[in-house]
Colleague: 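Next up is a structure, given as structure tokens.
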Amino acid sequence: NAGVTQTPKFQVLKTGQSMTLQCAQDMNHEYMSWYRQDPGMGLRLIHYSVGAGITDQGEVPNGYNVSRSTTEDFPLRLLSAAPSQTSVYFCASSVSSYEQYFGPGTRLTVT
Amino acid sequence: TQLLEQSPQFLSIQEGENLTVYCNSSSVFSSLQWYRQEPGEGPVLLVTVVTGGEVKKLKRLTFQFGDARKDSSLHITAAQPGDTGLYLCAGGKLIFGQGTELSVKP
């Protein structure tokens, strides 16, 4: 099992550009979530999904979109990148909302 | 809104010392999780505590869930440089504390 995979590992964007961060899991988990991690602020929830076709907002959803068309994939879209979105992004999956398995992260810089 | 507050935020100790990290909230949680994160990697689950007053041990790490299920602690005995990392508590609806950055110097 590959677990949770994320691509790309690093990305540099210019302000206003859009991009999609990919996340996939092969554990057949219903729950998937996206977090951003900034220094001193732990992990903040952006969006989450409790199953295919179902998504909901977390603590910091503005500027991000998600969709969940399959159990395996949960992409995160940045619509118009801003410097404030410079961060490390983690995707996670779990059987329930507890005991999450995390991917290796995507380090995003917006200039 | 459920919040989790961790203390201390930073901890730098010498190898062999003991330490305790705290995770506190004013809300009741049905369970709390502890994760450890190394630089450049995603967090890895260490333990889940479910029952008020529960104590779980993982080698030199001891985790406790408060009787009222509002707080938890992580105690490390005889810390080693390999324990260095960011320790995060989590609970509720995918909520994380801000983390405790531990550095253990040889």
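Reckoned from all heavy atoms, side chains included, excluding hydrogens, waters and symmetry mates. Numbers restart at 1 for each chain; the letters A, B, ... are given by sequence-line order, proteins then strands.
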Colleague: Applying the 4.5 Å side-chain criterion to the ILVMFWY set and letting contacts propagate, would A:Ile46 and A:Leu21 be lumped into a single cluster?
Modeller: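 Yes, A:Ile46 connects to A:Leu21 through the hydrophobic network.
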Colleague: In this structure, would B:Tyr87 and B:Phe65 fall into the same cluster of hydrophobic residues linked by side-chain contacts under 4.5 Å?
Modeller: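 Result: yes, single cluster for both.
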Colleague: Could you tell me the separation between the CD atom of B:Gln37 and the CZ atom of A:Phe90, rounded to the nearest 0.5 Å?
Modeller: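 Here the interatomic distance stands at 4.5 Å.
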Colleague: How about B:Ile95 and A:Arg44: do any of their side-chain heavy atoms sit closer than 4.5 Å?
Modeller: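 B:Ile95 does not reach A:Arg44 side chain to side chain.
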Colleague: Name the region of A:Gln100, side chain, backbone, both or neither, that has any atom closer than 4.5 Å to a heavy atom of chain B.
Modeller: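 A:Gln100 touches chain B through backbone and side-chain heavy atoms alike.
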Colleague: Can you tell me how far apart OH (A:Tyr98) and CG (B:Leu32) are? Round to the nearest 0.5 Å.
Modeller: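 Between A:Tyr98 OH and B:Leu32 CG, I get 10.0 Å after rounding to 0.5 Å.
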Colleague: Quick one: what part of A:Tyr101 sits under 4.5 Å from any heavy atom of chain B, side chain, backbone, both or neither?
Modeller: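 Neither part, no heavy atoms under 4.5 Å.
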Colleague: CD of B:Glu5: more than 12 outside heavy atoms within 6.0 angstrom?
Modeller: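 Not buried by this count: 12 neighbours or fewer within 6.0 Å.
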Colleague: CG/B:Leu94 to CG/A:Asp56 distance, rounded to the nearest 0.5 angstrom?
Modeller: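 Going from CG on B:Leu94 over to CG on A:Asp56, the span is 10.5 Å.
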Colleague: Between B:Leu58 and B:Val21, is there a shared hydrophobic cluster once you connect ILVMFWY residues whose side-chain heavy atoms come closer than 4.5 Å?
Modeller: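 Yes.
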Colleague: Using the rule that two of Ile, Leu, Val, Met, Phe, Trp, Tyr join whenever any of their side-chain heavy atoms come within less than 4.5 Å, decide whether B:Leu61 and B:Val49 are in one cluster.
Modeller: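 In one cluster: yes.
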Colleague: Examine whether an atom of B:Leu4 lies under 4.5 Å from a heavy atom of chain A, and if so say whether it belongs to the side chain, the backbone or both; otherwise answer neither.
Modeller: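 Neither part, no heavy atoms under 4.5 Å.
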Colleague: In Å and rounded to the nearest 0.5 Å, what is the CG to CD distance from B:Leu46 to A:Glu99?
Modeller: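 It is 11.5 Å, given to the nearest 0.5 Å.
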Colleague: Side chain, backbone, both or neither: which part of A:Leu45 has an atom under 4.5 Å from a heavy atom of chain B?
Modeller: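 For A:Leu45, the contact with chain B is made by the side chain alone.
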Colleague: Please give me the minimum heavy-atom distance between B:Pro43 and A:Leu43, naming the atom from each residue.
Modeller: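 Distance-wise, the nearest heavy atoms are CG-CD1, 3.8 Å.
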Colleague: In the single-linkage hydrophobic clustering (I, L, V, M, F, W, Y; side-chain heavy atoms under 4.5 Å), do A:Met19 and A:Val60 co-cluster?
Modeller: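 They do share one cluster, since a chain of ILVMFWY contacts under 4.5 Å joins A:Met19 to A:Val60.
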Colleague: Please flag which part of B:Glu41 lies under 4.5 Å from any non-hydrogen atom of chain A: side chain, backbone, both or neither.
Modeller: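 The answer is the backbone of B:Glu41.
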Colleague: Mind checking the CZ-OH spacing from A:Phe102 to B:Tyr35? Nearest 0.5 Å is all I need.
Modeller: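 Nearest 0.5 Å value for the CZ-OH distance: 5.5 Å.
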